[in-house]
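What follows is a single structure, written as structure tokens, with notes after it.
Remember, predicted model here, so these are calculated numbers, not experimental data.
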Amino acid sequence: MSGTTSREQTIAEHVRGLSEESAALVREQARLIRDDLTAEVRRLGVAGGMLGGAGLLAVGSFGALTAGLVGAIASRSGPGRAGFAVALLYGGGAAALAVAGREEIRRSAAEAADTLNRDVQAAADGARSAG
């Protein structure tokens, strides 16, 4: 009996050791994954900051372009008319982008609805044939 008891203890010790090793490996893998994700998030943060800086510089550039455009038109027609002309130009561009964006949303929504209907139909057909 003493041999059986010591064998059971040895097996139990092996199982416990394997369990501890497995837990240590899982913890190590989790730490490595966390470190990788942290590095990726940092890089994304830097990239986001760069994009934000680019956006800020683009706004400044757009303002300078607007001022230059108003100045160029003002030298021919007066400052009041120049500001109005630039506002009309930008307003027309904004309207064209809004119409194009609305149409793209409508088209995308229609395609999404068609895809959803096909998926529902396929699921229903599959359920009928399985039943």
Side-chain angles (χ1 to χ4, degrees):
M1 281 244 169
S2 132
T4 305
T5 304
S6 70
R7 180 179 288 158
E8 287 176 359
Q9 285 179 336
T10 302
I11 291 172
E13 289 171 2
H14 284 301
V15 169
R16 188 175 322 111
L18 286 173
S19 176
E20 290 172 0
E21 287 178 24
S22 296
L25 286 173
V26 168
R27 282 191 298 273
E28 178 65 17
Q29 287 298 315
R31 186 189 62 76
L32 290 172
I33 291 169
R34 185 190 67 227
D35 291 347
D36 287 345
L37 287 175
T38 301
E40 287 297 320
V41 167
R42 283 187 182 135
R43 281 199 300 252
L44 286 172
V46 169
M50 288 177 176
L51 287 174
L56 183 63
L57 290 174
V59 168
S61 176
F62 185 73
L65 173 68
T66 301
L69 192 56
V70 169
I73 296 172
S75 67
R76 294 189 180 141
S77 63
R81 288 185 179 167
F84 184 70
V86 171
L88 283 176
L89 177 69
Y90 289 171
L97 287 173
V99 168
R102 183 185 65 196
E103 292 305 313
E104 185 61 32
I105 288 171
R106 285 182 180 169
R107 189 178 12 248
S108 296
E111 288 175 10
D114 288 344
T115 300
L116 179 61
N117 286 335
R118 276 183 282 161
D119 290 347
V120 168
Q121 186 63 42
D125 292 345
R128 275 189 229 121
S129 66

- Query: For Ala82 and Ala74, which heavy atoms make the closest approach, and how far apart are they?
  - Reply: CB-N, 3.4 Å
- If only atom types and distance count, is the side chain of Thr38 paired as donor or acceptor with the main-chain N or O of Arg34 below 3.5 Å? yes
- Message: Tell me if the CZ atom of Arg102 is crowded by more than 12 foreign heavy atoms within 6.0 Å.
- Response: yes
- Query: So does Arg118 pair up with Asp114, basic N to acidic O under 4.0 Å?
  - Reply: no
- Ser19 OG to His14 NE2 distance, which is reported to the nearest 0.5 Å: 14.5 Å
- Message: Less than 4.0 angstrom from a charged side-chain N to a carboxylate O is my criterion; do Arg16 and Glu13 meet it?
- Response: no
- Which value, rounded to the nearest 0.5 Å, describes the distance between Glu28 atom CD and Ile33 atom CD1? 10.5 Å
- Query: Is there a donor-acceptor pair closer than 3.5 Å between any side-chain N or O of Thr115 and the backbone N or O of Glu111?
  - Reply: yes
- Would one find more than 12 heavy atoms of other residues, nucleotides or ligands at under 6.0 Å from atom CZ of Arg76? no
- Work out which heavy atom in Ile73 is nearest to a heavy atom in Ala85; give both atom names and the distance. CD1-CB, 4.3 Å
- Can you tell me if CZ on Phe84 sees more than 12 non-hydrogen neighbours from other groups inside 6.0 Å? no
- Message: Using only atom types and a distance under 3.5 Å, with no angle test, would you say the side chain of Ser108 pairs donor to acceptor with the backbone of Ile105?
- Response: no
